[in-house]
Amino acid sequence: MDSVQNVASGFSLNLEPLKEPLGFIRLLEWIFTIFAFGTAGGYSGKTHFSVNCESQQMQNISVPFHYPFRLPETQYSIVLCNSTKLNLFLQGDFSSPAEFFVCVGVFGFLYCTATLILYLGFQHVYRQTSRGPVIDLVVTAAFAFLWLVSSSAWGKGLTDIKWATNPNHLVEQCNSDCKAGEFPYMGRLNASVIFGFLNLILWAGNCWFIYKETPFHKDPNQPATVEEGGVPGH
């Protein structure tokens, strides 16, 4: 209880860091991270084609799929013109890149939230020692690398998903009896890849401003001190 009271008493809201690149870029990261995992996670779509036969009514086939894109779990049935019934599945499990991308986004969001609270409420604690900026730099650099890997993997996965759900590809299973329909709308998924690479740029660029807060960055115009081997007054 005492530790909670000490933390609460040390909280001092100051919005000034948002006017500096360090806090402003972190706020942008927070927003773009939400957009990244929000547009990918929870997605659901449908691909369409039809079965056209002279002897029976046209069948409109709608095949749904959704995040995390384990497509073989989606089964659909069609009846060919010769009355043969086919039970088919979408092909390809793309859950790994999708879930990896969303996981990076969620953890990035949590880290941004924690550091924004630190910047705005405990700035004196953040700058009190060099440990805070150094840890912040390492974690931010790690997230920049994770955004690169996850966005690249998810971009490749999305390309494969588009191929696996392309109506022109699906109708190959029923030859001339089927006709391709409407392509599934994937604007949200395209946006998620864009947000992923925007996050890469933001997190990588922010490393420079965090680096300036660390002891590794030295001001060339800063006068020498006793600890640095200089002699005051000379």
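Below, each value reflects all heavy atoms present in this structure, side chains not excepted, and no hydrogens, waters or symmetry copies. What you are looking at is a predicted structure, and each value in this text was computed from that prediction instead of being measured.
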request  = Taking the six-membered ring for Trp and the full ring for Phe, Tyr or His, determine whether the centres of Trp154 and Phe195 are under 6.0 Å apart.
outcome  = no

remark   = Applying disulfide (SG to SG under 2.5 Å) to Cys178 and not counting sequence neighbours gives Cys174

Set of disulfide (SG to SG under 2.5 Å) partners for Cys207, sequence neighbours left out = none

task = Sort and list the pairs that fulfil ring-ring contact (aromatic ring centres under 6.0 Å, His included) and have at least one residue in residues 164-187, not counting sequence neighbours.
result = Trp163-His169

ask   = Would you say Arg188 has more than 12 foreign heavy atoms packed within less than 6.0 Å of its CZ?
value = yes

Pairing residues for Lys156 by the salt bridge (charged side-chain N to carboxylate O under 4.0 Å, His left out) criterion, not counting sequence neighbours = Asp160

key: Polar side-chain atom of Thr214 near backbone of Tyr211 as donor-acceptor pair, under 3.5 Å   = yes

key: Spatial distance of atom CZ (Phe65) from atom OG1 (Thr165) [nearest 0.5 Å]   = 4.0 Å

query = Who pairs with Phe37 by ring pair (Phe, Tyr, Trp, His ring centres under 6.0 Å), at least two apart in sequence or on another chain?
reply = none

inquiry  = Checking Cys81 now: which residues fulfil disulfide (SG to SG under 2.5 Å) with it, not counting sequence neighbours?
reply    = Cys53

request  = Using the test side chain to side chain contact (heavy atoms under 4.5 Å, CB included), find all partners of Thr84 that sit at least two apart in sequence or belong to another chain.
outcome  = Leu80, Asn82, Leu86

Side chain to side chain contact (heavy atoms under 4.5 Å, CB included) partners for Ser62, two or more places apart = Lys46, His48

Donor-acceptor pairs under 3.5 angstrom involving side-chain atoms of residues 20-34: please list them, not counting sequence neighbours.
{"from": "Arg26", "atom 1": "NE", "to": "Thr115", "atom 2": "OG1", "distance (Å)": "3.1"}
{"from": "Arg26", "atom 1": "NH1", "to": "Glu29", "atom 2": "OE1", "distance (Å)": "2.6"}
{"from": "Arg26", "atom 1": "NH2", "to": "Tyr119", "atom 2": "OH", "distance (Å)": "3.3"}
{"from": "Arg26", "atom 1": "NH2", "to": "Asp136", "atom 2": "OD1", "distance (Å)": "2.8"}
{"from": "Arg26", "atom 1": "NH2", "to": "Thr140", "atom 2": "OG1", "distance (Å)": "3.1"}
{"from": "Glu29", "atom 1": "OE2", "to": "Asn206", "atom 2": "ND2", "distance (Å)": "3.3"}
{"from": "Trp30", "atom 1": "NE1", "to": "Thr113", "atom 2": "OG1", "distance (Å)": "3.0"}
{"from": "Thr33", "atom 1": "OG1", "to": "Glu29", "atom 2": "O", "distance (Å)": "2.6"}
{"from": "Thr33", "atom 1": "OG1", "to": "Asn199", "atom 2": "OD1", "distance (Å)": "3.2"}

request  = Quick one: list whatever passes salt bridge (charged side-chain N to carboxylate O under 4.0 Å, His left out) with Glu172, sequence neighbours left out.
outcome  = none

task = Please identify each residue that fulfils side chain to side chain contact (heavy atoms under 4.5 Å, CB included) with Ala180, with sequence neighbours left out.
result = Pro167, Asn168, Val171

key: Pairs touching residues 104-143 that satisfy disulfide bond (SG atoms under 2.5 Å apart), sequence neighbours left out   = none

